[in-house]
Student: 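Below you'll find the structure I mean.
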Amino acid sequence: MKKRVKKHLPNAITCANLFSGCIGIVFAFQDNLIIAAYAIFLSSIFDFFDGLASRVLNSYSFIGKDLDSLADMVSFGVLPSVIIYELFLKSHQIDNISHFLNFVAFLIPVFSALRLAKFNNDTRQSDSFIGLPTPANAILIASLPLIMQQYQGLDIYILNPYVLTVLVVVMCVLLVSEIPLMSLKFKNRDFNKNIFRYLLLLFSAILILFFKFVAVPVVIFIYITLSLIQLKFTNDKVPG
């Protein structure tokens with residue numbers, strides 16, 4: 001019984017990630033972007049714990065790895081693209097352009113798929129990331145409707161088709177970029193070796209405590225910045 005639990009628990013958590021993503025898509029198409037956004041956050045929690053369970057139980061498998069990518073494709077690829085699409089529909093429509101511009105949102109799952117395929121076959125990414133992880137991209141997008149709910153005065157900036165288009169393009173580039181980014185996996189408790197991870201967690205906690213969801217884009221920026229600083233201080237190079 002223990003062996004069966006050990007074998008299937010991580011995959012069960014991954015399936016919960018996928019289930020949450022599917023529900024989020026339904027709510028997103030029903031224009032309930034708040035619940036859709038929370039579905040991304042819930043999927044992120046499941047995504048964190050399926051990897052943790054796999055490491056703790058030492059139950060790694062190729063099926064689990066592929067299942068994780070398939071779940072991430074839905075929860076962190078398709079779901080955020082539907083949220084962006086719905087935001088495009090709410091934005092100021094541009095004559096003869098918007099009908100086509102709205103579909104820019106679906107570049108997100110395209111580049112997320114490229115990102116996930118690259119990650120699964122790139123041996124350089126065992127201890128760190130190269131390019132923005134799909135959960136980080138999805139969380140940033142999930143924060144947009146929550147920021148609009150928190151600060152209604154920001155609607156004019158978020159619901160701008162040009163702003164949304166630039167955001168999509170930038171995030172797609174970051175997904176498949178060669179920028180080395182740190183993983184949040186703590187292999188030990190050595191403070192010096194994990195100082196940038198601790199700084200990220202500290203800054204994130206403070207910003208989210210005071211500014212709530214509006215802090216999410218700032219946290220993503222800090223994550224990228226600290227990763228680049230860590231690379232410089234440790235004299236690491238992108239493996240290859």
Side-chain angles (χ1 to χ4, degrees), residues 20-21 23-45 47 75-109 111-112 132-175 177 179 181 199-228:
S20 175
I23 292 176
I25 291 172
V26 172
F27 279 102
F29 274 125
Q30 292 177 349
D31 197 26
N32 194 333
L33 301 187
I34 301 301
I35 294 181
Y38 281 121
I40 288 180
F41 285 105
L42 183 59
S43 290
S44 300
I45 294 172
D47 185 56
S75 299
F76 307 134
V78 178
L79 176 50
S81 74
V82 177
I83 290 177
I84 289 289
Y85 179 73
E86 291 293 331
L87 291 177
F88 265 113
L89 295 181
K90 293 175 181 291
S91 68
H92 173 67
Q93 296 294 291
I94 307 168
D95 293 338
N96 302 320
I97 296 179
S98 288
H99 294 299
F100 301 99
L101 193 62
N102 296 342
F103 294 114
V104 168
F106 297 106
L107 288 175
I108 294 170
F111 280 82
S112 294
L132 187 69
T134 53
N137 177 57
I139 287 172
L140 187 147
I141 291 172
S143 71
L144 298 180
L146 298 172
I147 290 172
M148 290 169 54
Q149 183 186 51
Q150 184 181 353
Y151 298 102
Q152 295 183 358
L154 295 178
D155 290 18
I156 190 174
Y157 301 105
I158 295 176
L159 296 180
N160 182 309
Y162 295 115
V163 171
L164 291 172
T165 300
V166 171
L167 174 66
V168 169
V169 172
V170 169
M171 299 313 292
C172 287
V173 170
L174 287 175
L175 284 169
S177 69
I179 299 175
L181 300 174
L199 285 174
L200 176 62
L201 293 176
L202 177 63
F203 289 145
S204 300
I206 293 173
L207 288 170
I208 291 172
L209 178 64
F210 285 99
F211 301 104
K212 298 182 179 178
F213 296 108
V214 77
V216 173
V218 180
V219 169
I220 300 298
F221 176 77
I222 291 174
Y223 168 57
I224 295 173
T225 302
L226 286 176
S227 295
L228 294 177

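Note that the structure is a prediction, hence the values are computed from the model and not measured. Counting begins at 1 with the first residue of the sequence.
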Student: Could you measure the distance from the CG atom of Leu33 to the CG atom of Leu144? Nearest 0.5 Å is fine.
Tutor: 10.0 Å
Student: Check ring pair (Phe, Tyr, Trp, His ring centres under 6.0 Å) between Phe106 and all other residues, then give those that pass, not counting sequence neighbours.
Tutor: Tyr85
Student: For Ile84 versus Leu164, what's the shortest heavy-atom pair and its separation?
Tutor: CD1-CD2, 4.4 Å
Student: Pairs in or reaching into residues 138-159: which pass salt bridge (Lys or Arg N to Asp or Glu O under 4.0 Å), with residues at least two apart or in two chains?
Tutor: none
Student: Is atom CZ of Phe203 surrounded by more than 12 heavy atoms (other residues, nucleotides or ligands) closer than 6.0 Å?
Tutor: no
Student: Identify the two heavy atoms, one from Phe211 and one from Gln150, that lie closest to each other, and give their separation to 0.1 Å.
Tutor: O-NE2, 3.2 Å
Student: Kindly give the heavy-atom pair with the smallest separation between Ala36 and Leu79, and that separation in Å.
Tutor: O-CD2, 3.8 Å
Student: Mind listing the closest non-hydrogen atom pair of Val104 and Val168 along with its distance?
Tutor: O-CG1, 3.5 Å
Student: Keeping to residues at least two apart or across chains, list the side-chain hydrogen bond (donor to acceptor under 3.5 Å, both in side chains) pairs with something in residues 200-228.
Tutor: none
Student: For the pair Ile224 and Leu174, evaluate side-chain contact (heavy atoms from CB on, under 4.5 Å) and give the outcome as yes or no after the intermediate values.
Tutor: CA-CA 10 Å; Ile224 295 173; Leu174 287 175; 4.2 Å; yes
Student: Ile179 versus Leu132: any side-chain heavy-atom pair under 4.5 Å?
Tutor: no
Student: For the residue pair Pro145 and Ala142, what are the closest heavy atoms and their distance?
Tutor: CD-O, 3.3 Å
Student: State, to 0.1 Å, how close Leu140 and Pro217 come at their nearest heavy-atom pair, and which atoms those are.
Tutor: CD1-CA, 4.1 Å
